[in-house]
Protein chains: 2
Amino acid sequence: MTAEEIPDIVIGRLPIYLRTLNRMMQESGKTTTSSQELGERLGISSAQIRKDLSHFGEFGKQGTGYHISYLIEQLRQILKLQREWKVALVGAGYLGHALAHYGRFETHGFRVAWIFDNDPAKIGEDMNGVLVQPDAEMEAVIEREGAIIAILAVPTAAAQEITDRLVAVGIKAILNYAPVSLNVPPHVHVQYSDPVLQLQRMTYYLNSD
Amino acid sequence: MTAEEIPDIVIGRLPIYLRTLNRMMQESGKTTTSSQELGERLGISSAQIRKDLSHFGEFGKQGTGYHISYLIEQLRQILKLQREWKVALVGAGYLGHALAHYGRFETHGFRVAWIFDNDPAKIGEDMNGVLVQPDAEMEAVIEREGAIIAILAVPTAAAQEITDRLVAVGIKAILNYAPVSLNVPPHVHVQYSDPVLQLQRMTYYLNSD
């Protein structure tokens, strides 16, 4: 089965399943669970969960459910998280600082290994153990190190230009915090972090008075 | 039709449709579009788009498609964006700074009107025109002003306690940046901003070598 055959929306749910399974283990020391229990915690139907997982194989048994540690292991393998991914962070402003100090990357398969900025005042600064490098060296470092994942924490006006430069030297996945839609070739994956979309999704439920 | 009848995943797509329609108008000055065109831009099937919109009424005509400005207006009404929502920001660290200076809130229906922190060094600081207030005054200000939306940019260890305090004084929607699952009553909506989930969703597509 190839990546093309599995809808991206299914892929998007796998990290959520993985996070929930990890929490179940930590909280309760449970060793097994069911699609019903997972579904209740997530507000997703058990049928949907079984269907999502069935794309990748047979992970549970009728009646006994899923072995949590086995399912975690399988999901980590499917999502290619059994290695550490080094990530290039572009932008060392307030948001870049927050991301460089984000405590959850390293326990979840990622490490901010390089930070770039074009502000001479920031270059050389130590951000959580990583020195900020001049963005003029960005391409050379990424090519030499073979980085393929980048986080974009730059101003809107710079986002497309930086993206073009990143893609040209082999970046294949971009988590973009700039509020702008990026033009990338089809082989490059982009995820957008957009607080406006998240807020607008909640106001629907609020009484406007 | 009540909110309960429409799946949350459909609600979650409406802001994406709205953003895309706004861009279509800005970029090209177009006045009409179709579910096909919208779908192509978003990687969503045209049938799904028509089905999503049909929950709320009849917005287009067979053959002529959608009037963009009318559909924008309707989506803004459905999402309750025809007013300005004042938002309370809790946490004035790096992330709080980045959010206070985020340029897209005010053109999209939101304004960070109050900022709270418990660090005496930050209290009184002017962040994009808003003074940081002591978190001890948080409850009084929120009650007095009738705020119902909050953004949480606090350390993980403080997130649940702050949430409990916010919910107790009437907050009904929380955008949470702390990497922790919040316990809230059913009437409170929470959205999570989690870069780990977004990165994990992309590594699936990467060659791990």
Side-chain angles (χ1 to χ4, degrees), chain A residues 3 8 11-12 14-16 18-20 23 43 78-83 85 87 93-105 108-110 146 148-149 151 153 156 172-175 177 179 181 189-209, chain B residues 3 8 11-12 14-16 18-20 23 43 78-83 85 87 93-105 108-110 146 148-149 151 153 156 172-175 177 179 181 189-209:
Chain A
D8 181 62
I11 306 303
L14 300 185
I16 299 170
L18 178 60
R19 182 176 63 178
T20 307
R23 283 196 188 136
I78 292 165
L79 293 170
K80 307 209 177 92
L81 299 172
Q82 291 182 312
R83 49 162 289 176
W85 292 95
V87 174
Y94 289 124
L95 181 60
H97 264 90
L99 288 163
H101 289 87
Y102 186 66
R104 247 167 56 90
F105 285 135
H108 291 79
F110 302 95
I148 58 176
I149 303 178
I151 300 180
T156 304
K172 294 185 174 62
I174 297 172
L175 173 53
Y177 281 84
S181 188
H189 297 268
V190 180
Q191 284 281 307
Y192 296 89
S193 185
D194 188 337
V196 163
L197 291 188
Q198 292 188 297
L199 289 174
Q200 288 182 339
R201 174 178 190 154
M202 292 191 287
T203 49
Y204 171 79
Y205 297 101
L206 303 179
N207 288 319
S208 183
D209 43 28
Chain B
D8 182 63
I11 306 303
L14 300 184
I16 299 170
L18 178 60
R19 182 176 64 179
T20 308
R23 282 196 189 137
I78 292 164
L79 293 171
K80 308 209 177 88
L81 299 171
Q82 292 181 313
R83 50 162 289 178
W85 293 96
V87 175
Y94 289 124
L95 180 60
H97 264 89
L99 288 163
H101 288 86
Y102 187 66
R104 245 166 57 89
F105 285 134
H108 291 79
F110 301 94
I148 58 177
I149 304 178
I151 300 181
T156 304
K172 293 185 174 61
I174 297 172
L175 174 52
Y177 281 83
S181 189
H189 297 268
V190 181
Q191 285 280 309
Y192 296 89
S193 185
D194 188 336
V196 163
L197 290 189
Q198 293 187 298
L199 289 174
Q200 288 182 340
R201 175 179 189 155
M202 294 192 287
T203 49
Y204 171 79
Y205 297 100
L206 302 178
N207 288 320
S208 184
D209 44 27

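These numbers come from a predicted model, not from an experiment. The sequence lines fix the lettering, A, B, ..., with proteins before strands; numbering per chain opens at 1. All values below come from the heavy atoms of this structure, side chains included, with hydrogens, waters and symmetry mates left out.
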Say whether, by atom type as modelled, one donor and one acceptor occur between the side chain of B/Q198 and the main chain of A/Y192 under 3.5 angstrom. yes
Report the distance from atom CD of B/Q191 to atom CG of A/L199, rounding to the nearest 0.5 Å. 8.5 Å
For B/I174, which atoms come within 4.5 Å of any heavy atom of chain A: side chain, backbone, both, or neither? backbone
Please rank B/T203, B/L95, B/I149 by heavy-atom pairs under 4.5 Å with chain A and give me the top one. B/T203
Checking heavy atoms, do the side chain of B/L81, its backbone, both or neither come under 4.5 Å from chain A? side chain
Return the CD to CD1 distance between A/Q200 and B/I11, rounded to the nearest 0.5 Å. 12.5 Å
Tell me, side chain or backbone of B/F110 under 4.5 Å from chain A's heavy atoms, or both, or neither? side chain
Beyond-backbone contact of A/K172 with A/H189, side-chain heavy atoms, under 4.5 angstrom: no
Heavy-atom contact with chain A under 4.5 Å, split by part of B/L79: both
Under 4.5 Å, counting heavy-atom pairs only, tell me which of A/P15, A/A98, A/G12 racks up the most with chain B. A/P15
Contact summary for B/Y102 and A/Y177, nearest pair of heavy atoms: CE1-O, 4.5 Å
Just by modelled atom types, is the B/Y204 backbone N or O under 3.5 Å from a matching donor or acceptor in the A/K80 side chain? yes
When the 4.5 angstrom heavy-atom criterion is applied to B/S181 and chain A, the contacting part is both
Go through the side-chain N and O atoms of B/Y205 and A/D8 and say whether any donor and acceptor fall under 3.5 Å apart. yes
Under a 4.5 Å heavy-atom cut-off, does chain A meet the side chain of B/R19, its backbone, both or neither? side chain
Please state whether the side chain, the backbone, both or neither of A/I78 comes within less than 4.5 Å of a heavy atom of chain B. both
